[in-house]
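Have a look at the structure below, then the notes.
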Amino acid sequence: MTLNPLLSLDVVELRDRLASGAVRAVEYAEACLDRIAALEPEIQAWAYLDGDHVIAQARALDARRQSGMPVGPLHGLPVGLKDVIDTAHMPTENGTPLDAGRVPTEDAVIVAKLKAAGAIIMGKTVSTEMAFMQPSKTRNPHNTSHTPGGSSSGSAAAVAAAMVPLAVGTQTGGSVIRPASFCGVVGFKPTFGAIPRTGVLAQSPSLDTIGVFARSIEGAALIAEILFGYDARDVATTPQPTPRLLATAMTAPLVTPTLAFVRQPQFDTIADDDTIMAFRELTAVLGEQCFEAPLPKAFDDAADLRGQIHLAEMAKCYYAYEKRGRDQLSPQIQEAMDKGNKVLARDYLAALDWRDLYNVALDEVFQRCDAIITPAAPGAAPGRLDTTGNPVFNGLWTLCGTPAITLPLLWAENGLPMGVQLVGRPGDDARLLRTAHWLVNHVTNSETEGAPS
């Protein structure tokens with residue numbers, strides 16, 4: 001299918017054209033709907049889509065602009081929302097038959113923010129069952145016999161297939177970074193607590209983080225900046241100024257960034273040959289701007305510690321679902337909840353203490369670099385549909401609450417994308433985005449200089 005030129009526009013340029021009227025919101029929304037109509041039977045990224053409602057929103061936004069009223073910073077930009085994010089008068093079924101037909105009466109805080117910014121709520125993207133590990137119906141746009149990852153599978157696939165320019169997901173283990181890596185888009189998981197989660201399915205409140213998908217760093221920064229903020233109903237958030245994510249991301253660093261290459265626990269046994277070779281070449285391209293930073297032995301336990309927190313809290317958060325219909329939950333969720341119920345209180349509380357201890361150790365690394373560089377996944381998307389892939393290279397950063405972003409800079413031998421994950425110090429989201437922008441330019445320029453004339 002030939003791509004409509006509108007759908008290939010960078011999101012910042014698109015934002016400006018929509019705001020000026022050079023592109024009408026209806027015109028762009030129709031292009032997205034045409035793209036979805038053509039590809040959705042194969043990709044299956046959407047849990048709910050009402051084209052008439054999309055066009056009605058676009059017409060209202062066009063009328064607002066034409067009347068001379070001010071437009072929002074996301075004016076006319078369609079956004080896909082993972083189907084665990086409440087939308088008033090629009091189904092939110094959390095990927096489970098136990099919530100079939102559920103229609104919230106109130107928007108999640110982030111949905112209200114998007115509407116206030118002038119975004120078009122395109123619809124609900126597919127989530128795995130209750131944002132856990134049971135694969136969804138969604139397929140990888142690069143090769144539909146491969147997984148798109150999870151649990152934000154629909155959000156990643158919809159952006160990768162150019163169905164929407166922006167989408168929102170959630171991450172409790174690796175549910176933003178991993179599908180973004182597999183689908184070849186930018187996935188940004190901000191600092192824990194940067195984006196309020198009120199109105200979003202709670203799975204593990206100590207870990208749950210809202211993240212975003214885009215085809216560029218600028219797009220991720222644009223939507224994330226709108227979503228950042230404080231909400232008194234979410235204890236993870238705190239009152240503080242919103243960082244200037246987009247402006248900082250587009251600003252060249254005053255000093256050339258330095259990156260610390262981290263071989264996460266299990267790197268040597270789980271990373272595939274494509275990943276090992278690609279990172280060997282990437283660190284060579286970076287040269288003196290990259291050094292290897294080994295993690296202390298204590299980090300070997302991070303996956304188990306995160307798992308104890310995750311499963312113990314999941315058993316509590318999903319208890320009502322279990323009581324309503326355990327037999328309608330997948331074996332994966334049933335097993336996870338059984339494990340969570342067996343976590344001792346002392347072990348759960350001790351696991352929570354390790355977040356601060358790990359961050360103290362990581363701070364020593366961040367004192368010597370602008371960001372950590374590490375794989376986003378062990379390799380490209382597995383060629384199976386009965387798995388969402390291994391989140392082993394994401395869970396540590398979710399546990400520590402650090403901001404992380406994956407960049408589609410690498411390709412496997414089979415032609416599928418592989419993400420480069422950058423990790424920043426907690427609270428340094430804007431700096432991380434700026435460093436990511438520098439890295440993309442640096443790698444791109446290096447490839448151009450190395451190409452035959």
Side-chain angles (χ1 to χ4, degrees), residues 1 3 7 35-36 38-47 80 82-83 95 125-129 131-164 167 169-189 211 213-215 266-267 269-279 282 330 332 374-395 404-421:
M1 177 187 179
L3 184 66
L7 301 181
R35 181 76 173 175
I36 293 170
L39 298 182
E40 178 61 8
E42 186 176 15
I43 305 300
Q44 300 182 63
W46 296 90
K82 184 176 181 178
D83 196 31
T125 54
V126 171
S127 169
T128 61
E129 179 198 22
F132 197 58
M133 302 293 289
Q134 174 69 20
S136 69
K137 65 179 182 178
T138 306
R139 305 293 185 257
N140 192 311
H142 292 272
N143 185 325
T144 54
S145 67
H146 290 246
T147 179
S151 60
S152 306
S153 45
S155 291
V159 171
M163 295 175 173
V164 283
T170 63
Q171 176 160 313
T172 305
S175 296
V176 169
I177 298 298
R178 185 170 83 264
S181 176
F182 288 170
C183 291
V185 297
V186 173
F188 175 44
K189 179 199 78 69
F213 299 87
R215 291 192 294 276
Q266 305 183 60
F267 176 89
T269 57
I270 292 184
D272 67 16
D273 291 342
D274 282 343
T275 297
I276 293 172
M277 180 61 69
F279 270 81
L282 179 59
S330 69
Q332 287 92 332
T374 192
R384 299 161 48 194
L385 297 174
D386 61 350
T387 178
T388 62
N390 192 335
V392 65
F393 291 158
N394 314 127
I405 188 169
T406 184
L407 309 170
L409 290 175
L410 306 175
W411 297 88
E413 284 292 325
N414 62 7
L416 293 180
M418 301 190 300
V420 174
Q421 183 174 203

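Numbers here simply count residues along the sequence, with the first being 1. Side chains are part of it too, since the values below use all heavy atoms of this structure and drop only hydrogens, waters and symmetry mates.
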How long is the gap from CZ on F132 to OG on S175, to the nearest 0.5 Å?
9.5 Å
Please report the interatomic distance CZ(R35) to CG(L3), rounded to the nearest 0.5 Å.
5.0 Å
Could you measure the distance from the CD1 atom of I276 to the CD1 atom of I270? Nearest 0.5 Å is fine.
11.0 Å
Taking side chain as C-beta onward, heavy atoms only, is P375 less than 4.5 Å from F267?
yes
Validation row: H146, P382 side chains within 4.5 angstrom (heavy atoms):
no
Side chains of R384 and T147: do they bring a donor and an acceptor to under 3.5 Å?
no
CE of M418 to CZ of F279: how many Å apart, nearest 0.5 Å?
7.5 Å
Would you check if there is a donor-acceptor pair between the side chains of T374 and Q421 at a distance under 3.5 Å?
no
So CG of N390 and CG of N394: to nearest 0.5 Å the spacing works out to 8.5 Å
Approximate separation, where rounding is to 0.5 Å, of F213 CZ and F188 CZ:
12.5 Å
Pair S136-S153, side-chain donor/acceptor within less than 3.5 Å:
yes
Is a side-chain N or O of T125 found less than 3.5 angstrom from the main chain of K82, in a donor-acceptor match?
yes
